[in-house]
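Take a look at the structure set out below.
By convention in this document, chain letters (A, B, ...) are assigned in the order of the sequence lines, proteins followed by strands, and residues within each chain are numbered from 1.
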Number of protein chains: 4
Amino acid sequence: MSASKRQQILDTALVLFVQQGLEGAATAKIAREAGVATGTLFHHFSNKQALIAALYLEIKQELADRLPALRADQPTREMACRMWQAAMAWALDHPDKIRFLLAYYQSPVLTPATRRTAKFDTLGFVLELIKMGQARGELAPYPHELMMEACHSLFMASAGYFIDHPEQAADPRQQEGAMAIFWNALAAPGHRLP
Amino acid sequence: MSASKRQQILDTALVLFVQQGLEGAATAKIAREAGVATGTLFHHFSNKQALIAALYLEIKQELADRLPALRADQPTREMACRMWQAAMAWALDHPDKIRFLLAYYQSPVLTPATRRTAKFDTLGFVLELIKMGQARGELAPYPHELMMEACHSLFMASAGYFIDHPEQAADPRQQEGAMAIFWNALAAPGHRLP
Amino acid sequence: MSASKRQQILDTALVLFVQQGLEGAATAKIAREAGVATGTLFHHFSNKQALIAALYLEIKQELADRLPALRADQPTREMACRMWQAAMAWALDHPDKIRFLLAYYQSPVLTPATRRTAKFDTLGFVLELIKMGQARGELAPYPHELMMEACHSLFMASAGYFIDHPEQAADPRQQEGAMAIFWNALAAPGHRLP
Amino acid sequence: MSASKRQQILDTALVLFVQQGLEGAATAKIAREAGVATGTLFHHFSNKQALIAALYLEIKQELADRLPALRADQPTREMACRMWQAAMAWALDHPDKIRFLLAYYQSPVLTPATRRTAKFDTLGFVLELIKMGQARGELAPYPHELMMEACHSLFMASAGYFIDHPEQAADPRQQEGAMAIFWNALAAPGHRLP
DNA sequence: AATGAATGAGCGTTCATTCAT
DNA sequence: GATGAATGAACGCTCATTCAT
């Protein structure tokens with residue numbers, strides 16, 4: 001029951017944060033909507049910031065858990081594309097989680113520490129993929145951080161676009177287009193899509 | 001004097017919003033820091049949301065004003081690159097403005113109307129450029145909105161990256177890398193950078 | 001009007017603090033009872049502690065202002081007695097103020113700085129009187145701080161006793177008794193009352 | 001074990017009340033610090049007020065237990081002085097208990113009933129001593145309550161002074177001074193210290 | 001007896017906004 | 001236009017207390 005109350009709070013917070021903003025969603029409102037007492041929220045999260053950070057990390061972790069594992073025996077392009085597809089499928093299944101990430105990735109309420117955890121602890125294998133692809137000459141030789149930012153921003157932008165335009169999201173040619181943009185942005189010459 | 005007070009308020013609001021968040025920066029604090037009375041802020045902006053929207057549009061307009069005009073007699077790649085360079089130079093000169101856009105582009109406090117104005121009224125020529133490039137076969141034939149999202153997100157991500165890593169921003173090869181990622185993401189086969 | 005609102009708040013706070021305790025008297029209750037808005041209280045006092053400290057110092061200052069000035073040409077006993085009588089007369093006129101001092105003199109919410117200000121800035125001349133009396137051999141030669149504590153505590157205890165027993169307060173023999181206890185506690189042998 | 005948990009709670013409560021005030025010390029904090037569960041505190045004390053009252057009475061009783069018994073065959077002065085010395089020795093050994101009494105003796109959270117119990121049940125023999133001393137003509141003939149208040153307040157003030165100035169507490173002349181102030185305050189003429 | 005998650009009224013405080021000057 | 005004292009609803013959070021285990 002207690003674990004479930006914690007989860008009810010996280011689920012409700014996600015919806016309200018996306019609908020009404022971080023400050024628009026009062027802790028009392030979240031608790032009421034989640035069917036728990038105000039105090040219960042603060043029993044599980046020491047303050048509102050901690051709730052936001054926990055939600056952010058939970059989402060990032062959930063996404064990371066859905067991605068296929070790195071395999072050294074496959075071409076980078078194939079792995080990147082399978083990852084993109086898995087991530088996009090998850091995104092379309094969880095539009096609010098994407099909206100949350102989009103809206104608050106840059107918010108000053110998220111501490112640098114939280115962002116760092118998300119980037120390196122839960123999504124660190126993206127960095128591994130980039131390094132491997134560059135070592136093999138399949139990815140362009142730009143700095144890792146720049147590559148990761150491009151990767152992250154293209155994915156989030158595409159996911160946001162598809163979520164806001166569900167009719168396009170169902171069109172395989174658009175999905176292929178988004179993935180092509182992503183791959184061509186990062187690929188080395190000779191490895192790009194036609 | 002009155003025009004200058006309005007501007008003082010906008011300048012101070014920018015700094016405080018970036019440092020402390022939209023709700024962390026109270027109107028009274030902004031007014032005090034700007035050296036005007038609380039009431040004066042509400043003479044110039046009918047409420048806090050209006051101040052935020054005005055700031056957002058002012059920044060977008062300022063960026064648009066710094067970009068070179070579209071010219072039908074030049075290759076798309078050349079124009080896109082000059083635009084990228086001009087935009088990036090402005091971004092590095094105005095880091096707080098970029099941080100503001102990054103942090104609040106997706107915030108629920110910005111109304112869709114404000115976002116639309118920014119996209120089509122002040123940066124509408126980006127859409128023109130994309131259409132022209134596609135008509136000429138120099139850009140890949142993906143949907144306009146998707147192209148614009150990719151364009152916007154890559155620029156903002158790169159600008160954010162360079163602002164957070166000033167030592168990299170000074171390196172011309174990194175600048176070229178960021179631009180190559182951007183161009184290759186959108187270019188048609190046969191027009192990509194080597 | 002503004003000065004008067006501040007004073008209304010102090011006056012109401014005194015009554016409520018004495019009746020219901022420092023924490024029993026909510027700021028909202030004080031404001032409502034004082035006929036001002038909640039925010040107004042915080043416009044005049046930056047927080048509840050500051051209100052308490054201001055009230056404490058105001059009372060101490062008011063008492064100090066009612067006491068006769070030191071005069072080097074009078075015997076210590078005469079001056080001490082006139083001071084005692086003036087202070088006691090004020091105390092009986094302002095029972096709530098005495099109750100406030102009695103109840104919160106030792107409270108952890110009062111900072112040492114506030115206590116120090118009260119002791120030395122507003123009632124510093126008591127120390128002068130003690131030093132003078134000792135120099136003349138009319139007061140016992142104990143450490144100043146100990147003398148001041150005895151003086152303070154006997155006055156407060158007597159005032160509290162008379163306030164709680166108004167019928168005794170009107171009896172001049174009891175008043176003389178209290179003063180005799182006070183004077184004999186501090187006087188040097190040969191200067192005591194018979 | 002149960003008796004010991006009750007005592008652990010009382011011991012911890014004393015420290016926290018003195019450090020952080022009656023309301024600053026939450027029951028949950030007291031319980032945690034005492035190494036027991038929240039609920040356990042409420043098994044032993046029906047509510048927070050009862051805990052405070054129990055602590056107050058326990059301290060008063062402990063002090064009373066340390067004082068020498070009344071003896072009709074000794075001069076009042078000798079008995080008063082031995083009592084003062086025993087009480088002061090206990091006070092210096094238990095500074096927090098004295099601080100607790102000092103801080104909350106007048107607090108509205110203590111009910112008059114609790115105060116009365118402390119005064120007459122546990123320290124009733126002070127009243128006996130005063131009556132005896134007056135009957136013998138060794139104490140001044142002022143009302144009993146006034147005498148008790150003076151006695152109580154001088155002791156508490158002196159104890160507080162010595163606790164805050166440990167270096168003075170070790171000086172026998174200062175100790176004698178404090179006791180002389182006390183005795184001379186109450187003694188009849190002819191029985192005072194030189 | 002002992003536990004600690006859960007409760008929800010109530011707290012101190014903030015802040016966008018108004019309006020008399 | 002400019003001011004800043006005043007407002008009061010709303011906020012994040014606390015905490016004495018309960019109760020199922």
Where protein sits on nucleotides 11-21 of chain F, one letter per nucleotide: B base, S sugar-phosphate only, - none, heavy atoms under 4.0 Å: SBBBSBBB---
Using a 3.5 Å cut-off on both pairing distances, which stems of three or more Watson-Crick or G-U pairs include DNA chain E?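 Detected stem regions: E:2-21 with F:2-21.
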Smallest separation among heavy atoms of A/L51 and A/A13, with atom names: CD2-CB, 4.1 Å
Sequence neighbours excluded, every pair satisfying salt bridge (Lys or Arg N to Asp or Glu O under 4.0 Å) that has a member inside residues 40-55 of chain A: none
Here the salt bridge (Lys or Arg N to Asp or Glu O under 4.0 Å) pairs for residues 105-120 of chain A, sequence neighbours left out, are A/K119-A/E149
Aromatic rings A/Y56 and A/Y105: how do their planes relate, parallel, tilted or perpendicular, breaks at 30° and 60°? parallel
For atom [atom1] of [X] and atom [atom2] of [N], their distance in whole Å:
X	N	atom1	atom2	answer
B/I9	F/dG4	CD1	P	13 Å
D/Q8	E/dA1	CD	P	15 Å
C/I30	E/dT13	CD1	C1'	13 Å
A/F45	E/dA6	CZ	P	11 Å
C/L41	E/dC15	CG	C1'	16 Å
B/R32	E/dC15	CZ	P	10 Å
A/H44	E/dG4	NE2	C1'	11 Å

I need the A/Y104 OH to A/I52 CD1 distance, nearest 0.5 Å. 8.5 Å
Within this structure, what is the OG1-CD1 distance for the pair A/T38 and A/I30, rounded to the nearest 0.5 Å?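 If I round to the nearest 0.5 Å, the distance is 11.0 Å.
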Which residue lies toward the 5' end of DNA chain F, B/V36 or C/G35, if each is placed at its nearest nucleotide?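 It is B/V36, whose closest nucleotide lies nearer the 5' terminus.
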Which pairs count as side chain to side chain donor-acceptor pair (under 3.5 Å) when at least one residue sits in residues 10-20 of chain A, sequence neighbours excluded?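 Those involving residues 10-20 of chain A are A/Q7-A/D11, A/Q20-A/K29.
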Below 4.0 Å: OP1/OP2 of F/dT7 and any side-chain N or O of C/K5: yes
Partner of D/I59 under side-chain contact (heavy atoms from CB on, under 4.5 Å), picked from D/D96, D/L14, D/I98, is D/L14
Non-neighbouring partners of D/L57 that pass side-chain contact (heavy atoms from CB on, under 4.5 Å), sequence neighbours left out: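 Residues passing side-chain contact (heavy atoms from CB on, under 4.5 Å) with D/L57: D/T114, D/T117, D/A118.
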